[in-house]
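Just below is one structure, and these are the notes that go with it.
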2 protein chains.
Amino acid sequence: MSLPHAILTALMEKPSSGLELTRRFDRSIGYFWSATHQQIYRELGKLEQAGQIRALEPAQPARGQKKEYEVLPAGREALSAWVARQEDPKQVRDPLLLRMRAAAVVGAPGLDAELRRHLELHRRQLAEYRAIEIRDFPPERDTPGDRLRHLVLRGGIDLENFWIGWITRALEDYPQPT
Amino acid sequence: MSLPHAILTALMEKPSSGLELTRRFDRSIGYFWSATHQQIYRELGKLEQAGQIRALEPAQPARGQKKEYEVLPAGREALSAWVARQEDPKQVRDPLLLRMRAAAVVGAPGLDAELRRHLELHRRQLAEYRAIEIRDFPPERDTPGDRLRHLVLRGGIDLENFWIGWITRALEDYPQPT
DNA sequence: GTGATCATGTAACAAGTTACATGATTCC
DNA sequence: GGAATCATGTAACTTGTTACATGATCAC
């Protein structure tokens, strides 16, 4: 139930076309809710049918033509209701941890190389987040919205730090093939 | 592509029936790869057809009767190949971070209560992991398999600590409705 | 006019969720 | 024999993934 709300949030921040949304789901929003353009177009169709968003620039039925959407009051209400709702943290599903556990029973030749590769990827992601933090959240700006967005970004930063810490420790502890 | 490998790992650790697997996916394995009994039965069927596992206690076709599976050599090989494979970390998809971002545009009455509720849930999960750590990984045991399984558990512990830290900070920073 | 890229979509499939159905066993 | 629970499964649906199709626009 999160994708439609991710799209509504993105459209509230700025009315956009499907492709523009896709690009934003490769950056900002996508850092904590990823989606492909196929998912986005499908969901835009559903949201439009449900009367939560509507296309601007009236009625362009043509295929290859840009179509911008904006959020209607019903969409805003649906989003508010979702934010206020109780929803338990979903259970963890992480392939790397799972592979580690599998390695405990079938052996793990080369898994340390994979760990180093992941470590590098997480370091890069962290550097990207830090750059965004410096660029978008200078100390002087401090509206409530900025503070919340900054909190979210720090969530991303902390998550990358978790992975870097865990993988580093794993590599130190890694059972050496003696 | 992870569920079949999660099941193969569980069956390598100990041959089991579908219901026993379901219970283990509510505990140990489930702490980093959750699955419902419907998913498990469906996947067991596929794995059996693919010749990666087989039912013990020959040929019980009856509906309500227990059916134990064990891993065949082909299944073990498939699992080894999967452990050795390169697979990028999947992109984050977290509803709580997303709701925070939505709150930045539509407002967030009551979101702090939800944060406190999540904080409590994560504290409980952390306590459970710590209890398991003390019970299952006393300092004297130190086979390679144990070390890997312990690493995985510490991953769970670190993840809970990340959440506890982040939510605590969020509550401190939370924009007060003044 | 043709090739790149912008832009919207379809189709088929895989994975995960929710609700329900049904037989076997055990305890009273 | 009735209730609880053990145990396996079906069906319908939603969400996410992968591969492909097609039209519009712009640079050359």
Side-chain angles (χ1 to χ4, degrees), chain A residues 1-8 11 15-26 29-30 32-50 53-57 59-69 78 82 87-95 98, chain B residues 1-8 11 15-26 29-30 32-50 53-57 59-69 78 82 87-95 98:
Chain A
M1 283 299 294
S2 292
L3 178 58
H5 303 105
I7 291 176
L8 287 171
L11 288 180
S16 309
S17 67
L19 192 61
E20 279 162 6
L21 282 176
T22 301
R23 286 203 241 276
R24 289 168 66 195
F25 274 81
D26 282 337
I29 297 270
F32 44 90
W33 201 274
S34 64
T36 62
H37 84 271
Q38 292 87 343
Q39 273 180 286
I40 289 168
Y41 283 116
R42 179 164 60 186
E43 204 62 42
L44 282 172
K46 283 190 200 169
L47 286 168
E48 192 175 21
Q49 269 210 315
I53 62 174
R54 80 165 165 206
L56 297 174
E57 332 265 321
Q60 283 156 321
R63 191 179 174 113
Q65 245 156 332
K66 199 167 151 176
K67 207 157 115 194
E68 287 227 311
Y69 292 94
W82 178 71
E87 193 169 296
D88 285 352
K90 60 170 187 175
Q91 298 184 51
V92 176
R93 267 196 188 123
D94 187 86
L98 182 59
Chain B
M1 283 295 296
S2 292
L3 178 58
H5 303 106
I7 290 176
L8 286 171
L11 289 180
S16 308
S17 67
L19 193 60
E20 279 161 5
L21 281 177
T22 300
R23 286 204 242 275
R24 288 168 66 195
F25 274 81
D26 282 336
I29 297 270
F32 44 90
W33 201 275
S34 63
T36 61
H37 84 271
Q38 292 87 341
Q39 274 180 286
I40 289 167
Y41 282 116
R42 179 164 59 185
E43 205 62 42
L44 282 171
K46 284 189 200 170
L47 286 169
E48 191 176 21
Q49 269 209 313
I53 62 174
R54 78 163 167 209
L56 296 173
E57 331 265 320
Q60 282 157 320
R63 191 181 174 112
Q65 245 157 332
K66 198 166 152 178
K67 207 156 114 193
E68 288 227 310
Y69 291 95
W82 178 72
E87 193 169 296
D88 285 352
K90 59 170 186 176
Q91 299 185 52
V92 175
R93 268 197 188 120
D94 186 87
L98 182 59

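Every chain is numbered from 1, with letters handed out A, B, ... down the list of sequences. This is a predicted model, so every value here is computed, not measured.
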Would you say D:dG16 has OP1 or OP2 under 4.0 Å from some side-chain N or O of B:Lys90? no
Which nucleotide wins on minimum distance to the side chain of A:Lys66, given the candidates D:dT8, C:dT8, C:dG16? C:dT8
Could you check how far CD of B:Glu20 sits from P of D:dT5, rounded to whole Å? 18 Å
Atom CD of B:Glu68 to atom P of D:dC6: distance rounded to whole Å? 16 Å
Are OP1 or OP2 of D:dG16 and a side-chain N or O of A:Arg93 less than 4.0 angstrom apart? no
List in chain and number order the residues that pass ring pair (Phe, Tyr, Trp, His ring centres under 6.0 Å) with A:Trp82, two or more places apart in sequence or in another chain; answer none if no residue qualifies. A:His5
Where the side chain of B:Leu19 is defined as all heavy atoms beyond and including C-beta, which of D:dG9, D:dC6, C:dT8 is the nearest nucleotide? D:dC6
Who pairs with B:Glu20 by salt bridge (charged side-chain N to carboxylate O under 4.0 Å, His left out), at least two apart in sequence or on another chain? B:Lys66
Side chain of A:Met1: nearest nucleotide among D:dG9, D:dT15, C:dC6? D:dT15
Scanning both residues in full, the closest heavy-atom pair of A:Gln91 with B:Gly30 reads OE1-O, 4.1 Å
Of the nucleotides C:dT17, D:dC6, C:dA7, which has the atom closest to the B:Arg23 side chain? D:dC6
I need the OH-P distance between B:Tyr69 and D:dA7, as an integer number of Å. 14 Å
Classify the nucleic acid contact of B:Ser17 as base, sugar-phosphate or nothing, counting any heavy atom under 4.0 Å across all strands shown. sugar-phosphate
Whole Å only: how far is the CG atom of A:Leu21 from the C1' atom of C:dC6? 15 Å
Is there a residue in residues 35-43 of chain A whose heavy atoms reach under 4.0 Å of DNA chain C, and which residues are they? A:His37, A:Gln38, A:Tyr41
Who pairs with B:Arg24 by salt bridge (charged side-chain N to carboxylate O under 4.0 Å, His left out), at least two apart in sequence or on another chain? B:Glu13
What is the distance, rounded to the nearest whole Å, between atom CG of A:Leu56 and atom P of C:dT8? 12 Å
Residues which pass salt bridge (charged side-chain N to carboxylate O under 4.0 Å, His left out) with B:Arg54, listed by chain and number, not counting sequence neighbours: B:Glu70
What's the CG-P distance between B:Leu98 and D:dT15, to the nearest Å? 14 Å
Roughly how many Å is it from CG in A:Leu44 to P in D:dG16, rounded to a whole number? 14 Å
Pairing residues for B:Glu48 by the side-chain contact (heavy atoms from CB on, under 4.5 Å) criterion, not counting sequence neighbours: B:Ile53, B:Ala55, B:Tyr69
Which atom names give the shortest non-hydrogen contact between A:Ala35 and A:Gln39, and what distance separates them? CA-OE1, 3.5 Å
Atom NZ of A:Lys67 and atom C1' of D:dT25: how far apart are they, to the nearest Å? 18 Å
Would you classify A:Lys46 as touching base, sugar-phosphate or nothing, given that sugar-phosphate means primed atoms plus P, OP1 and OP2, and contacts are heavy atoms under 4.0 Å? sugar-phosphate
